[in-house]
Amino acid sequence: GCAGPSPSVQEIDHRISYYQDRVRSEPRLYPAYALLGAAYLDKARCAHDPVWLARSREVLARSMEIQPNFDAMKTTAAVCNFSHRFEDALRWIDRAAGAMPEDTSLVAMRVEALLALGRVVEAQNAVTASELADDFYVAAARGQVAIAMGRLDDARVAFFDSAEAARAQKANQLQAWALVMAAGTLIDSGRAANAKRLLASARTLDPDSVDLAIHDAEVLEANGKPESALAKYADLANDSGDPGLHAKSFALAKKLSRRTDAAAHFKAAESGFQKAIDAAEVYTLEAMAMLYLEAGESIERARLLAEEN
């Protein structure tokens, strides 16, 4: 989606510990519950474990129970987007916008949800009808809408605007994210060689960005170096435990007839996706169906997963 910076695992764990202590010592401190919920969501993103989503929902509900507040509403919307409960996300975004209509990140979150639901025209209207300043988040949302409409050159211009807005605020990680997204439009339009300069600029701002590393691998693959691309994907997958990256690694290993590697990555991807499904989450249904289709097996289950999604 129209993302924010990627905090380190250590920073997330520090926040979790800090706000857990706060709510233990002050059980009715509703802002601390909201901030703990945001930390749990970040943990879910980096740990790829649905248990953190459940914890986030629990403390956000507790925050709202004590006192309805903007931070809890906005983070609940983010949890819904992350977990692919997009209709619920839109309802929470409406509530949050009623409390603080000037928050531009809500425009980006709304666009994320609408695009996920295939409501492209509504997403476009959400951007063009906005009377808010065309800052990082609004420009990023314009870029996402342009991608959905197949206008990659327009998307790249929007991401450049987003990067410039982040640069003006000295927000290095956000600027890097926007440059990586701009590079992605070049890769997707068959101009991977031209993306290298943008990725190099992003590297100076946020060298540890996972998005950057993924796009580096995509450039390698586009430039006819699939073995090098697979090595990078596999390193990222094994370091992060991200089942989506294991699925990418599986697909490329299969293409290269690396059967042992393909089998290992398939197993890791399937296990990670199933972990979320076992927790009654829906955000890996499509990914699991696509994994089975890529493997050419369990096609009936793939159909059922797709229907449920």
Visitor: Donor-acceptor pair, distance only, cut-off 3.5 Å: does the side chain of Asn309 make one with the backbone of Leu305?
Guide: no
Visitor: Spell out, yes or no, whether Leu220 and Ile187 are grouped together once hydrophobic residues are joined by side-chain heavy atoms under 4.5 Å, including indirect joins.
Guide: no
Visitor: I need the minimum non-hydrogen distance between Ala289 and Ala302, along with the two atoms involved.
Guide: CB-O, 3.5 Å
Visitor: If we check side-chain contact (heavy atoms from CB on, under 4.5 Å) with Leu186, which of these qualifies: Leu199, Leu198, Val219, Leu152?
Guide: Leu198
Visitor: Write down the atom of Ala108, the atom of Ala141, and the distance for their closest heavy-atom approach.
Guide: CA-CB, 4.0 Å
Visitor: Would you find a donor on one side and an acceptor on the other, under 3.5 Å apart, between the side chain of His84 and the backbone of Cys80?
Guide: no
Visitor: Under 3.5 Å, side chain of Thr185 to main-chain N/O of Ala182, donor-acceptor pair present?
Guide: yes
Visitor: Regarding Asp153 and Arg156, does a basic nitrogen lie under 4.0 Å from an acidic carboxylate oxygen?
Guide: yes
Visitor: Are Gln20 and Tyr40 close enough that a side-chain donor and a side-chain acceptor fall under 3.5 Å?
Guide: yes
Visitor: Just by distance, with hydrogens left out, do Tyr18 and Arg22 show a side-chain donor and acceptor under 3.5 Å apart?
Guide: yes
Visitor: What are the two closest non-hydrogen atoms of Ser240 and His48, and how far apart are they?
Guide: O-CD2, 3.3 Å
Visitor: For the CG atom of Asn172 and the OG1 atom of Thr204, what is their distance to the nearest 0.5 Å?
Guide: 8.0 Å
Visitor: Tell me the closest heavy-atom pair linking Ala192 and Ala222, and the distance in Å.
Guide: CB-CB, 3.6 Å
Visitor: Dump the intermediate steps for salt bridge (charged side-chain N to carboxylate O under 4.0 Å, His left out) on Glu87 and Arg119, then the final yes or no.
Guide: CA-CA 11 Å; Glu87 294 283 5; Arg119 292 155 60 176; 3.4 Å; yes
Visitor: Tell me whether Asp161 contacts the main-chain N or O of Phe159 through its side chain, where contact means a donor paired with an acceptor under 3.5 Å.
Guide: no
Visitor: Are Lys254 and Glu297 ion-paired here, with the side-chain N under 4.0 Å from a carboxylate O?
Guide: no
Visitor: Would you say Met73 ends up clustered with Leu60 if hydrophobic residues are merged whenever their side chains have heavy atoms under 4.5 Å apart, either directly or through other cluster members?
Guide: no
Visitor: Please report the interatomic distance CZ(Arg95) to CE(Met100), rounded to the nearest 0.5 Å.
Guide: 14.5 Å
Visitor: Could you check if a side-chain atom of Asn69 sits within less than 4.5 angstrom of a side-chain atom of Ser63, using non-hydrogen atoms only?
Guide: yes
Visitor: Would you say the side chains of Ser105 and Asp103 form a donor-acceptor pair under 3.5 Å?
Guide: yes
Visitor: Do the side chains of Ile66 and Val59 join up, straight or via other hydrophobic residues, at under 4.5 Å, putting them in one cluster?
Guide: yes
Visitor: Verify the ring-centre separation between Trp52 and Phe82: is it less than 6.0 angstrom?
Guide: no
Visitor: Less than 4.5 Å apart, any side-chain heavy atom of Tyr137 and any of Val111?
Guide: no
Visitor: Applying side-chain contact (heavy atoms from CB on, under 4.5 Å) to Glu281 and Leu53, what does each step give before you reach the verdict?
Guide: CA-CA 9 Å; Glu281 298 287 353; Leu53 283 178; 3.9 Å; yes
Visitor: Identify whether the distance between the nearest side-chain nitrogen and carboxylate oxygen of Lys225 and Glu221 falls below 4.0 Å.
Guide: no
Visitor: Report the relative orientation of the aromatic rings in Tyr292 and Phe266; use parallel for angles under 30°, tilted for 30 to 60°, perpendicular for over 60°.
Guide: tilted
Visitor: Measuring from Leu36:CG to Ser56:OG, what's the distance to the nearest 0.5 Å?
Guide: 8.0 Å
Visitor: Verify the cluster assignment for Leu236 and Leu252: are they in a single hydrophobic cluster under the rule of side-chain heavy atoms below 4.5 Å apart?
Guide: yes
Visitor: As a quick check of understanding, evaluate salt bridge (charged side-chain N to carboxylate O under 4.0 Å, His left out) for Asp42 and Arg45, giving each step before the final call.
Guide: CA-CA 5 Å; Asp42 282 340; Arg45 287 181 172 128; 3.1 Å; yes
Visitor: What closest approach, in Å, do Ala269 and Pro243 show between heavy atoms, and which atom pair accounts for it?
Guide: CB-O, 3.5 Å
Visitor: Is Arg91 paired with Asp94 through a side-chain N to carboxylate O contact shorter than 4.0 Å?
Guide: no
Visitor: Is Glu58 salt-bridged to Arg62, cutoff N-O under 4.0 Å?
Guide: no
Visitor: When you measure from the side chain of Ser209 to the backbone of Leu212, do you find a donor-acceptor pair of N or O atoms at a distance under 3.5 Å?
Guide: yes
Visitor: Does a side chain donor of either Asp261 or Ser249 reach within less than 3.5 Å of an acceptor in the other side chain?
Guide: no
Visitor: Please report the interatomic distance OG1(Thr104) to CG(Asp134), rounded to the nearest 0.5 Å.
Guide: 9.5 Å
Visitor: Heavy atoms, side chains only, cut-off 4.5 Å: are Phe136 and Trp177 in contact?
Guide: yes
Visitor: Is the shortest side-chain heavy-atom distance between Gln124 and Leu114 below 4.5 Å?
Guide: no
Visitor: Indicate, with yes or no, if Trp92 and Leu117 share a hydrophobic cluster defined by side-chain heavy-atom contacts under 4.5 Å among Ile, Leu, Val, Met, Phe, Trp and Tyr.
Guide: no
Visitor: Indicate yes or no: does Lys74 engage Asp71 in a salt bridge with an N to O separation below 4.0 Å.
Guide: no
Visitor: Take a 6.0 Å sphere around CZ of Arg24 and say whether it holds more than 12 heavy atoms from other residues, nucleotides or ligands.
Guide: yes
Visitor: Compare all side-chain heavy atoms of Met288 with those of Arg301 and state whether any distance is below 4.5 angstrom.
Guide: yes
Visitor: Just how far is it from atom CD of Gln175 to atom CG of Asp206, taken to the nearest 0.5 Å?
Guide: 10.5 Å
Visitor: Could you pull out the closest heavy-atom pair between Ala195 and Ala183, with the gap in Å?
Guide: CB-O, 3.7 Å
Visitor: In terms of side-chain geometry, is the basic nitrogen of Glu227 or Arg258 positioned less than 4.0 Å from the acidic oxygen of its partner?
Guide: yes
Visitor: For the residue pair Arg85 and Ser83, confirm or rule out a side-chain donor-acceptor distance under 3.5 Å.
Guide: no
Visitor: Compare all side-chain heavy atoms of Thr76 with those of Asp88 and state whether any distance is below 4.5 angstrom.
Guide: no
Visitor: Just by distance, do the side chain of Ser17 and the backbone of His14 share a donor-acceptor pair under 3.5 Å?
Guide: no
Visitor: Side-chain contact test, heavy atoms from C-beta onward, threshold under 4.5 Å: evaluate it for Lys248 versus Glu218 and give yes or no.
Guide: yes
Visitor: Per the side chain to side chain donor-acceptor pair (under 3.5 Å) rule, which among Glu270, His265, Lys267 passes with His246?
Guide: His265
Visitor: Begin with the C-alpha distance, continue with both residues' side-chain angles, and end with the deciding distance and a verdict on side-chain contact (heavy atoms from CB on, under 4.5 Å) for Val145 and Thr128.
Guide: CA-CA 11 Å; Val145 171; Thr128 57; over 6 Å; no
Visitor: Keeping Asp135 on the side-chain end and Val138 on the backbone end, is there a donor-acceptor pair under 3.5 Å?
Guide: yes
Visitor: Say you draw a straight line from CG of Asn194 to OG of Ser189; how long is it, rounded to the nearest 0.5 Å?
Guide: 8.0 Å
Visitor: Is there a side-chain contact between Val9 and Lys43 (heavy atoms, below 4.5 Å)?
Guide: yes
